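Accompanying notes for the structure given below.
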Amino acid sequence: MKKIINKPEDVVKESVEGLGLAWSEIVKVNYEPMFVYRADAPVNNKVAIISGGGSGHEPMHAGFVGYGMLDAACPGEVFTSPTPDQMYEAAKKVHGGAGILFIVKNYSGDVMNFEMAADMLKAEGIDVENVIIDDDVAVKDSLYTQGRRGVGTTVLAEKICGAAAEKGYDLKKLAELCKKVNGWGRSMGMALTPCTVPAAGKPTFELAEDEMEIGIGIHGEPGRERMKIKSADEITEMLAEAIIEDLPFKEGDEVLAFVNSMGGTPEIELYIVYRKLYKILESKGIKIARKLVGRYITSLEMQGVSITLLKLDDELKELWDAPVKTPALRWGI
Amino acid sequence: MKKIINKPEDVVKESVEGLGLAWSEIVKVNYEPMFVYRADAPVNNKVAIISGGGSGHEPMHAGFVGYGMLDAACPGEVFTSPTPDQMYEAAKKVHGGAGILFIVKNYSGDVMNFEMAADMLKAEGIDVENVIIDDDVAVKDSLYTQGRRGVGTTVLAEKICGAAAEKGYDLKKLAELCKKVNGWGRSMGMALTPCTVPAAGKPTFELAEDEMEIGIGIHGEPGRERMKIKSADEITEMLAEAIIEDLPFKEGDEVLAFVNSMGGTPEIELYIVYRKLYKILESKGIKIARKLVGRYITSLEMQGVSITLLKLDDELKELWDAPVKTPALRWGI
Amino acid sequence: MMINNQDVIKFLEKAAGKIKENKEFLTQLDSAIGDGDHGINMDRGFSKIMSSIDTLRDKDIGTILRTCSMALISTVGGASGPLYGTAFLYASKSLNGKFEIDMNELLEALKAALEGIQMRGKATEGEKTMIDAIAPALRAFEEKLKSGGTPVEILEATVAAAKKGVENTVPMKATKGRASYLGDRSIGHQDPGATSSYLIFEAMLETLKEKV
Amino acid sequence: MMINNQDVIKFLEKAAGKIKENKEFLTQLDSAIGDGDHGINMDRGFSKIMSSIDTLRDKDIGTILRTCSMALISTVGGASGPLYGTAFLYASKSLNGKFEIDMNELLEALKAALEGIQMRGKATEGEKTMIDAIAPALRAFEEKLKSGGTPVEILEATVAAAKKGVENTVPMKATKGRASYLGDRSIGHQDPGATSSYLIFEAMLETLKEKV
Ligand SMILES: Nc1ncnc2c1ncn2[C@@H]1O[C@H](COP(=O)(O)OP(=O)(O)O)[C@@H](O)[C@H]1O
Ligand SMILES: Nc1ncnc2c1ncn2[C@@H]1O[C@H](COP(=O)(O)OP(=O)(O)O)[C@@H](O)[C@H]1O
Ligand SMILES: [Mg+2]
Ligand SMILES: [Mg+2]
Ligand SMILES: [Mg+2]
Ligand SMILES: [Mg+2]
């Protein structure tokens with residue numbers, strides 16, 4: 001295992017501490033239990049938005065705490081859901097009197113832990129809405145299963161709902177908006193290499209020198225299919241087609257195109273994927289009205305890429321463009 | 001070689017094309033010869049700032065084109081200096097009548113190619129200043145050698161000079177400022193893994209599973225010393241001590257601390273390094289007044305980290321804080 | 001034979017030991033069909049219990065189990081944290097204030113634990129989860145109890161059924177938890193959560209064996 | 001024996017061929033002490049020359065070399081691009097309008113090329129660069145020319161000296177170019193730029209050998 005770390009068990013704590021030291025004008029860190037929250041919390045009469053999940057997906061979620069996005073983020077151990085006491089204490093710290101929106105990725109662990117926290121908060125009379133993000137088209141959906149994983153759309157939902165909360169949306173309206181974003185967002189990812197959880201010390205899976213994994217999750221969990229490596233254009237086509245036909249996205253639609261690195265894939269490759277995605281969408285009469293290209297929801301050092309498409313209307317465009325000031329996403333301010 | 005690319009020879013062109021498609025509100029792309037330039041160029045009566053170098057260091061430099069930073073960037077092939085015709089044509093396109101500042105990293109290839117372009121432009125009566133960045137303390141400096149490599153300080157110089165150009169600094173004052181930034185900036189990097197130039201198809205060097213390379217360059221060129229992997233704290237100490245004693249940085253100094261990933265090292269590790277760097281500087285009475293943490297000057301997918309410290313005064317702090325709007329660096333606007 | 005609070009402490013120590021011993025193994029199982037952290041998660045939780053076990057020695061069984069529940073909920077994370085945490089919490093409910101219980105009371109507590117897991121995780125038997133070890137184990141417990149087995153016999157039957165249950169998860173296709181994302185590719189692998197449940201039943205059996 | 005513009009074209013074709021053949025080798029040399037692109041860079045430049053070679057067949061030698069210079073400058077990049085580009089440019093200066101030259105004129109052109117390299121790169125002999133192949137090669141050329149050698153003999157001496165020069169770079173410590181960043185660790189490796197210069201001299205020799 002090649003990593004720039006001290007003890008594996010200190011990785012999350014030390015990293016969050018570093019984030020807090022670097023961005024003290026934007027965030028503060030609570031250690032027992034661990035959560036990262038807005039330095040100016042609580043913001044009175046604003047719905048507070050809290051997300052969280054296993055660590056290893058940086059900058060998600062702690063890098064998205066700040067004006068116009070999250071009020072708090074609860075980092076679990078690497079690839080392990082945070083615990084209810086984290087969400088509970090975070091909520092108590094950032095609650096501005098207008099209720100709490102939990103944005104939760106659809107993993108059984110995350111769902112159950114956030115649910116427990118919501119139960120605890122509701123018992124104290126605090127309004128909580130739990131919205132689940134499940135946008136990964138690589139996973140077959142069905143009533144009888146856990147359903148799809150939450151991936152790239154989470155980042156977009158956090159930005160858009162964050163802007164809406166600043167604008168004064170109440171909890172009910174904000175939860176509806178979050179569900180709308182989830183309903184209009186679709187993602188799929190692939191990997192060239194696995195990644196190594198520090199505490200485990202060895203890669204989560206093996207891939208031969210000429211193989212890739214299509215439909216990978218963000219925890220190094222195996223994907224939909226393993227196959228020989230293909231060209232960037234072919235990979236982009238596979239991901240884009242699966243995403244487009246799922247919603248489906250249609251001629252005349254405006255979308256936000258989000259090309260994301262799994263961590264280890266460098267920017268030079270991301271833009272090769274973006275180029276092809278642009279051409280595919282153009283040929284179908286789908287217009288990229290907004291974009292995000294970079295590393296926003298990652299799997300440690302995994303090499304690979306994911307694509308997210310989010311259908312846009314005027315409301316979503318305006319909220320996307322609104323100012324945001326967080327360690328990892330910032331504009332207009 | 002595991003990469004998301006099409007043909008190795010098309011990597012740079014396709015990636016730059018993708019960048020242009022994604023950020024058309026900020027940059028435009030010229031293909032023959034290749035350069036990326038501000039969509040609103042030329043900006044009249046502003047000194048135009050041009051940088052460039054081999055590709056593979058993204059987002060540097062093309063990701064830094066835009067308001068408050070570069071007017072144009074000239075990407076060479078991967079790890080290969082661009083050619084004089086690129087800088088020449090870029091200069092003709094963005095020259096706003098107030099002269100041209102070339103910011104050049106100190107590699108013999110870059111230096112010579114920029115020099116040739118400057119000769120061509122001067123022959124046409126255009127004022128050009130060529131400022132060389134040579135901040136890498138891993139390289140022993142001497143009058144009789146090529147001198148030090150240009151690394152992390154380049155990013156800071158581009159941001160700071162870009163702000164100064166917007167503020168109306170003339171060419172002479174801007175060149176002085178750029179030299180001041182170079183004189184006050186020091187860097188050093190290390191790598192856990194090599195990287196692979198697409199055209200070469202195999203890693204630029206080999207490192208055993210338990211080895212790291214200290215004092216690495218940004219082209220996969222071997223560094224100062226190879227040794228057994230150490231802890232994040234020890235690595236940070238080695239880099240920081242070499243940097244601090246070189247200028248030297250002293251008690252009471254204010255600095256910009258820049259912790260940079262070589263590409264493959266994920267953010268979770270960067271903040272572990274930042275944390276230790278903070279503590280080292282704190283113990284010496286050196287204050288981090290500004291910071292930059294992320295992937296800004298990379299070596300493709302190489303795993304590793306570099307640290308840059310830049311001594312600050314009021315002028316530099318004000319220019320650092322000034323608004324910037326580029327694909328990769330943005331705030332205040 | 002009655003089970004007292006000291007036995008519960010011993011059981012917890014044994015369970016923590018078994019989890020630690022099998023940390024790698026559980027993690028390996030989870031790598032195949034999950035995210036490779038189950039052993040790490042469980043060990044973090046039981047180590048946390050162990051770190052304050054001395055403060056529990058004089059407490060009643062309900063308090064001991066409720067404290068364990070809190071430790072698991074706040075340190076394990078993942079899916080198994082809330083599930084085992086809720087299990088311990090539900091088990092504790094009928095044991096508040098009690099320093100000694102019999103096998104009937106133990107069965108009631110275990111049934112409550114399973115109910116908690118199902119309330120929280122909404123899974124049923126056959127979905128390739130810990131329930132596939134626990135549910136058959138409790139049926140075996142109940143049968144042997146009714147047919148008049150000794151405590152050790154009862155728990156031997158329980159452990160054997162749990163083991164069988166773990167083996168039965170191999171050919172199952174997961175429809176709950178992270179393994180469900182694999183669809184058919186989850187077939188052929190043993191469920192990590194079922195395996196940790198089996199280890200916990202084993203710890204119960206060994207505790208009783210040492211007592212007689 | 002006179003060298004005409006057709007010979008120059010042949011020389012360029014041979015040089016391009018040798019560079020392509022040795023692309024991997026040059027790149028490998030550059031990996032050890034540089035950034036592993038010298039073969040790729042040089043091949044890109046000479047391939048560019050080859051792509052328009054047909055438009056040069058009827059041009060004078062000065063024009064041919066100047067056009068090569070532009071191609072190298074605008075496609076090779078790195079350190080070797082401006083250096084070889086300047087070399088060809090300087091060599092072309094005294095040959096403008098000429099369709100035939102003798103060995104004296106060739107020597108003058110080669111000396112001008114070296115001068116161009118030194119103007120641009122500010123290196124001298126002993127710094128582990130292409131100059132360590134070119135400078136001794138030109139000295140051998142001049143000696144053999146003065147002592148009345150045939151053109152082939154002159155170029156044989158030139159190539160032999162270039163080869164020796166390349167070998168001499170092995171124990172040198174680099175103080176110019178990318179290899180200089182390695183300091184003492186550059187010792188023990190052959191310089192890639194010196195090697196490509198040697199290949200170019202070889203191409204000249206083979207051209208003349210075929211002519212006689
Ligand atoms: N809904 C559920 N009901 C019961 N057990 C479940 C459920 N979801 C997951 N599990 C159990 O949890 C185990 C995985 O736990 P763990 O690896 O610690 O959590 P995570 O999957 O979040 O990484 C599975 O092997 C399975 O037995
Ligand atoms: N200042 C210089 N003078 C002469 N030759 C040089 C100089 N700097 C570098 N070289 C030559 O260039 C070669 C490297 O060329 P190349 O790999 O194409 O460029 P880069 O080093 O920019 O990648 C070296 O082997 C050396 O012979
Ligand atoms: Mg997990
Ligand atoms: Mg190079
Ligand atoms: Mg798991
Ligand atoms: Mg080179």
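Excluded from the calculations below are hydrogen atoms, water molecules and symmetry mates; all remaining heavy atoms, backbone and side chain alike, are included. Here is the naming used below: chain letters follow the sequence lines, and residue numbers restart at 1 for every chain. It should be emphasised that the depicted structure is a prediction, and the values quoted were computed from it without experimental measurement.
- Counting heavy atoms from C-beta on, the side chains of A:Ile272 and B:Ile4 never come closer than 4.5 Å.
- Looking at A:Glu269, its side chain never comes within 3.5 Å of a backbone N or O of B:Ile5 through a donor-acceptor pair.
- The residue among B:Met1, B:Met190, B:Arg275 with the most heavy atom pairs within less than 4.5 Å of chain A is B:Arg275.
- Between A:Glu17 and B:Lys279, at least one side-chain nitrogen of the basic residue sits less than 4.0 Å from a carboxylate oxygen of the acidic one, meeting the salt-bridge criterion.
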>> Using side chain to side chain donor-acceptor pair (under 3.5 Å), reason through A:Trp23 and B:Tyr274 one step at a time and then give a plain yes or no.
In response: CA-CA 11 Å; A:Trp23 296 97; B:Tyr274 185 89; over 6 Å; no

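- No other option in A:Gly332, A:Ala257, A:Ala62, A:Cys195 has as many heavy-atom pairs under 4.5 Å with chain B as A:Gly332.
- Distance check: A:Arg330 CZ to B:Leu329 CG gives 10.0 Å after rounding to the nearest 0.5 Å.
- With a 4.5 angstrom heavy-atom cutoff, B:Ile229 touches chain A only via side-chain atoms.
- Residue A:Lys276 holds its NZ atom at 9.5 Å from CD of B:Glu14, rounded to the nearest 0.5 Å.
- Between A:Ile268 atom CD1 and B:Lys3 atom NZ the span is 8.0 Å, to the nearest 0.5 Å.
- Heavy atoms closer than 4.5 Å to chain B are found in both the backbone and the side chain of A:Leu207.
- One distance of note links CG of B:Asp233 with CG of A:Asp10; it measures 9.5 Å at 0.5 Å rounding.
- Rounded to the nearest 0.5 angstrom, A:Glu282 CD and B:Leu21 CG are separated by 8.0 Å.
- Distance NZ/A:Lys2 to CD/B:Gln303: 8.5 Å, rounded to 0.5 Å.
- The candidate from B:Lys325, B:Arg295, B:Glu211 with the greatest count of non-hydrogen atom pairs under 4.5 Å with chain A is B:Arg295.
- No part of A:Met212 comes within reach of chain B, as not one of its non-hydrogen atoms sits under 4.5 angstrom from that chain.
- Salt bridge status for B:Glu25 with A:Lys291: present, with a side-chain N to carboxylate O gap under 4.0 Å.
- When each of B:Pro266, B:Pro327, B:Ala22, B:Pro59 is scored by its heavy-atom pairs under 4.5 Å with chain A, the top score falls to B:Ala22.
- The interface of residues 197-206 of chain B with chain A, defined by heavy-atom distances below 4.5 Å, is empty.
- Residue B:Ala191: no heavy atom, backbone or side chain, is found under 4.5 Å from chain A.
- Remark: A:His61 pairs with no residue by the ring-ring contact (aromatic ring centres under 6.0 Å, His included) rule, at least two apart or across chains.
- Interface remark: B:Val11 contributes backbone and side-chain atoms alike to the contact with chain A (heavy atom separation under 4.5 Å).
- The shortest non-hydrogen separation linking B:Tyr271 to A:Ser15 is CB-O, 3.3 Å.
- Contact annotation for A:Thr298: neither backbone nor side-chain heavy atoms come within less than 4.5 Å of a heavy atom of chain B.
- Heavy-atom pairs under 4.5 Å with chain A were tallied for B:Leu300, B:Ile235, B:Leu277; the largest tally goes to B:Leu300.
- At most 12 heavy atoms of other shown residues, nucleotides or ligands fall within 6.0 angstrom of atom NZ in A:Lys28.
- With chain A as the partner, the residue from B:His57, B:Met302, B:Glu301 showing the most heavy-atom pairs under 4.5 Å is B:Glu301.
- With hydrogens and angles ignored, the 3.5 Å screen pairs no side-chain donor or acceptor of A:Asn6 with any backbone N or O of B:Ser231.
- Residue A:Arg290: no heavy atom, backbone or side chain, is found under 4.5 Å from chain B.
- The heavy-atom pair separating B:Glu267 from A:Glu58 by the smallest distance is CB-CB, 3.9 Å.
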